[in-house]
Amino acid sequence: MSEGQTSARAPAGARTPVGRPMLSLTLASMMDEVHAHSGAVYLLSPDHPVLEMAVMAGLPRAFAAPWERVGLSAPIPVSDAVRERRLVWVGGEEEMARRYPRIAVVLPYPFSLAALPVATATRAYGAVFVTWPGTHPQELSDRERDHLTAACDRLAVRLERAAEQSLPLPPEPDLVAAPLVGGVAGTLGTVEAARMVSRLPYGLCSLDVHGRVGFANAAAAELLGVPVARLLGAHLWASVPWLNDPVYEDRYRAALFSQHVTSFVALRPPGEWLSFRLYPSTTGLSVRISRARAVTEMNRTAPRPGPTSTRLVTISQVLSLAGALTEAVGVQDVVQLVADEIAPAVGSQGLVVLGSRAGRLRVLGHRGYADPQVVERFDGRPLSEPIPGSQVLRTGVPAFFGTREEIERLYPALLVNPSEFSAWAYLPLIASGRPVGTCVLSYSAPHHFATEERAVLTSLAGLIAQALERALLYDTKHRLAHGLQEALLPHTLPSLAGIEAAARYLPATQGMEIGGDFYDLVPTRGTAAAVIGDVQGHNVTAAGLMGQVRTAVRAYTAVGQPPEEVMRSTNRLLLDLGSELFASCLYLRLDPARGRAVMSRAGHPPPLLRRPDGRVRVLDLAGGPLLGIVGPAAYPSTEVAFSPGSLLVLYTDGLVESPGTDFEDALADLGRRLTDLGDRPLDDLADALVRHAADAEGRLDDIALLLLRALPRG
């Protein structure tokens, strides 16, 4: 397990550093006051919107390895605390899984967490989190809240004073080291205690919080098959090859995090099962080792060691990043998540994601570049050009350049308009056996890419590639769906004598964001026809049938059919097509010269009429059944006054229907808004009527809106 320690970076031109370990002392005092189990202090990077872990206490830093360096926009408690300037409380395992699933995937243990901003009224300096074992109450007490808030406020003031005086913060060690218990084989406290332990028939050993063995009795050494001398001072899973599996190390982490007794069984080759029981405290673990009973049952249920020695910290990082990438939908989501989650985790300051189309390089997105032209000049360049982005994409072989001289020696073309960065990792994004792009991680200073780091970056590229492939497919389908929708709806409304018109369409936010809502305005000799309808469904089939219905209505209008006959003809068409979908529709013939409108309705929501005096009336018209259900159906027509200054509002049910809302109440609310806003210019009114629906998340239905205003005669 990694035990690396980082520290706050000193500002340029710093003077004598702060004398006392400010962060460590504050964190230790804070944890002691509220009886917290572990915690960490993050400082906000002076150059980037990134939080960097400065000091951790209570547990090894490796436990929080995926979050040592995180973007301010990352969905984790410390980032939320800084962005929202508030205390974030997570009261247990279930709440963590619900609110922060990425953390719960990596740390699926019972514990509570509080995260707070370290900020003054004018500036944020960082954040603090502290954790408690699963025995902590689900609610944070007022005393704990007050202590934590006051401590963070005091720390913010100290950091502000240090910044004003240009005093850097010196490196501070993490507060997790504890002296090994014993240290000499066969001793534990007094000699007599050691003799007592040595006589026990089962193995005993002591681990510190890092998992290092501080004591092991002879029985433990015999059961493990490793001499005591080789166990002391080493990690248990590193000393015992058949325990070198993340599953067993996870039990150690679970015990330390939850402070609950945990246990597991493991197979000592060739066929002996051992039982391990871990008793935790804040200073480490006591482990009891014995031969397992019911060997046959254990053989069915116990985890088996894997063939590799993958470290758990790497698995934690991969789980966290994989969880983040599964949330990406479109290409820009992938770019943003890589910028927020992966780039900070690997210490990169710049990012470019490249793809290809028709044999040319495409810049899909970039972050961190002061001059966008440095990146965007590569968009559209042939893949055959000798530049690293296209070469890596073509060959699928990663490329690492630790200095500017390295990359410019191999690719002289990059000497023209160079970027501000000094090191680069070009990672091929390969999914389904083919390259889908290149991820370029850029570093502001020269960077040595060790063999292990290259392997990790290449593995992460595989996760990015899978997400990018899904996103490219989604974006393609999205463009096709919207292209179809735009082709089936009118691009513009015709200009009609005596009538002003405006329309809006909003697709549902679920599914393919395409649906069967439609509207149209058709000029005829001396009059005009308007139609609005809703074909069942939110998919390509619904959109295709919508196009057929709209075309049919236009054709029936052109031959001069009256409204009731247009409805009957369209109903017969849907039945003849054999479609399993049905449609609602409202059709009207407008005669502005005579100040009237004749309407026919097929299961559609009633239109609203705003009179010139501002009063609004719901036109509860007689009508027939939905189109496409029964053959011999009648669709009676109704004539209403449409005098100059009158406004007709035609809409689909997505405008007024939502879960938990009564239709009559929603219709009354629409009428009130129409009364208040109806004198606005028609385009402004249309925007205002759909604005609340446009801002809503998770819109379940499409929305079509058609406004028709009778203009003054003459």
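Fair warning: this is a prediction, and the values are worked out from it, not measured in the lab.
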Nearest atoms (heavy-atom pairs only) where [X] meets [Y]:
X: Leu72; Y: Ser79; value: O-CB, 3.4 Å
X: Phe421; Y: Gly368; value: CZ-O, 3.4 Å
X: Leu626; Y: Tyr635; value: O-OH, 3.8 Å
X: Leu706; Y: Ala503; value: CD1-CB, 4.0 Å

Heavy atoms, side chains only, cut-off 4.5 Å: are [X] and [Y] in contact?
X: Arg360; Y: Arg381; result: no
X: Leu655; Y: Val690; result: yes
X: Thr652; Y: Ile532; result: yes
X: Leu361; Y: Leu393; result: yes

Exceeds 12 heavy-atom contacts within 6.0 angstrom, atom CZ of Arg554
yes
Glu94 CD: over 12 foreign heavy atoms closer than 6.0 Å:
no
Only one of Pro606, Ser584, Pro563 clears side-chain contact (heavy atoms from CB on, under 4.5 Å) with Arg601; which?
Pro606
Which of these passes side-chain contact (heavy atoms from CB on, under 4.5 Å) with Pro607: Val649, Leu586, Val640?
Leu586
Can you list the steps and then say if Asp576 with Arg572 is a salt bridge (Lys or Arg N to Asp or Glu O under 4.0 Å)?
CA-CA 6 Å; Asp576 292 343; Arg572 285 194 299 269; over 6 Å; no
For the pair Asp80 and Arg99, evaluate salt bridge (Lys or Arg N to Asp or Glu O under 4.0 Å) and give the outcome as yes or no after the intermediate values.
CA-CA 11 Å; Asp80 287 352; Arg99 294 174 55 191; 5.8 Å; no
Could you tell me whether [X] and [Y] have a side-chain N and a carboxylate O separated by less than 4.0 Å?
X: Arg673; Y: Asp676; result: no
X: Arg610; Y: Asp679; result: yes
X: Arg377; Y: Asp371; result: no

Reported CG-to-CG distance for the pair Leu457 and Leu441, which is rounded to 0.5 angstrom
6.5 Å
What verdict does the salt bridge (Lys or Arg N to Asp or Glu O under 4.0 Å) test give for Arg611 and Asp613, after you've listed the backbone C-alpha separation in whole Å, the side-chain angles of each residue and the deciding distance to 0.1 Å?
CA-CA 5 Å; Arg611 295 172 176 170; Asp613 60 6; 5.5 Å; no
